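Every value quoted in this text rests on a predicted model; they were computed, and no experiment measured them. Throughout, protein chains are lettered first and strands after them, A, B, ... in sequence-line order, and every chain is numbered starting at 1.
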Number of protein chains: 2
Amino acid sequence: MSNPCLPECGVARFLTLLNGPWATLIVRELLKAPHRFTELREALPGISPHTLTSRLRQFERHGIVTRTAYAEIPPRVEYELTPLGEGLRDVLEAMGTWAMAVPDPDAAVTA
Amino acid sequence: MSNPCLPECGVARFLTLLNGPWATLIVRELLKAPHRFTELREALPGISPHTLTSRLRQFERHGIVTRTAYAEIPPRVEYELTPLGEGLRDVLEAMGTWAMAVPDPDAAVTA
DNA sequence: CCGGATCCTACAAGATACTG
DNA sequence: CAGTATCTTGTAGGATCCGG
């Protein structure tokens, strides 16, 4: 895309960090509580392990989530939002609030 | 993706309506003021007319923007947010506010 | 249980050229 | 000016198999 991110354009940065349809939904789950890998899979019907890993890794790199592996049998891994990630709560709430006011995504044509 | 959109999940609906990297940026420009087609192109360096038209049409269908064509010479077309689209201001502001608090998208690794 | 590796699909987006 | 048409590309995501 090569958008130079204008001075005041924090929006572009947000989009870079939460790109793709799943990213925001994953954050949404983690806002409720820390989750294990499998728990996230169950909370996000249809997501593939590949995608989930991919998004989670990206979040780690950006300091949005922490990954804690417990060397137990069976293995256990917890994903938790960092304070930075917690800050996304306001954004997600704003999204949800707005979307609730939308008549209907598909029926909007008839409006 | 086929995500069934859980009961409380307005977030998923938001993501459906503002999908793709450019969608949100276009809304961001229109939040400042109504824009003509070419004005949007200039405000969004790198966007192709194809993509711009595509996103704009989708916004129209969803009732987020209105398209007003003036039968003049030269032709003039104005894109303006509907009240529904205006409601996105809070969401975009939340995004910007959060992103500003992020150390740096790329340097976050070193944090 | 967690998740990396590989290959493939779907869709947003880019490039370019052309029209009312 | 404001698009449209066609073709290609880039990347998120899906499917499947397998290793720690």
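The separation between B:L18 atom CG and C:dA12 atom P is 13 Å, rounded to whole Å. Atom CG of A:L44 is separated from atom C1' of D:dG14 by 15 Å (rounded to the nearest Å). To the nearest angstrom, C1' of C:dT19 lies 14 Å from CZ of B:F37. Atom CZ in A:R76 sits roughly 12 Å away from atom C1' in C:dC1 (whole-Å rounding). Summarising the geometry, the separation between CD1 on B:I73 and C1' on D:dC1 is reported as 10 Å, rounded to the nearest angstrom. In this entry the distance linking CG of A:L40 with P of C:dC1 reads 15 Å, nearest Å. Atom CH2 in A:W22 sits about 15 Å away from atom P in C:dC11, given to the nearest Å. Atom CG of B:L15 and atom C1' of D:dA12 are 13 Å apart (whole Å).
Side chain of A:W98 to main chain of B:L84: a donor-acceptor pair is present (N/O by atom type, distance under 3.5 Å, no hydrogens or angles). The backbone N or O of A:T82 lies less than 3.5 Å from no partner atom in the side chain of A:T66, so there is not a single donor-acceptor pair. Remark: the backbone N or O of B:L92 is not paired with any side-chain donor or acceptor of B:R28 at under 3.5 angstrom. Not one N or O on the side chain of B:S54 forms a donor-acceptor pair closer than 3.5 Å with the backbone of B:H50.
Residues from residues 48-58 of chain A placing a heavy atom under 4.0 Å of any atom in DNA chain D, listed by number, are A:S48, A:H50, A:T51, A:R55.
Looking at heavy atoms from C-beta onward, B:T97 lies out of side-chain contact with A:D90 at the 4.5 angstrom threshold.
Closest to the side chain of B:R67, from the set D:dG13, C:dA13, D:dG3, is D:dG3. Taking the side chain of B:P74 as heavy atoms from C-beta on, and the options D:dG13, D:dC1, D:dG3, the nearest nucleotide is D:dC1.
Remark: A:N19 is not in phosphate contact with D:dT11, judged by side-chain N or O atoms under 4.0 Å from OP1 or OP2. A sub-4.0 Å separation between OP1 or OP2 of D:dC1 and a side-chain N or O of B:Y79 is absent. Put simply, B:R36 has a side-chain N or O that comes within less than 4.0 Å of OP1 or OP2 on D:dA2.
How far CG of B:L81 is from CD of B:E29: 11.0 Å, rounded to the nearest 0.5 Å.
B:Q58 and B:R61 share no donor-acceptor pair across their side chains, judged by distance under 3.5 Å alone.
Nucleic acid contact class of A:Y70 (heavy atoms, under 4.0 Å, all strands): none. If you check every strand for non-hydrogen atoms under 4.0 Å, A:R41 touches nothing.
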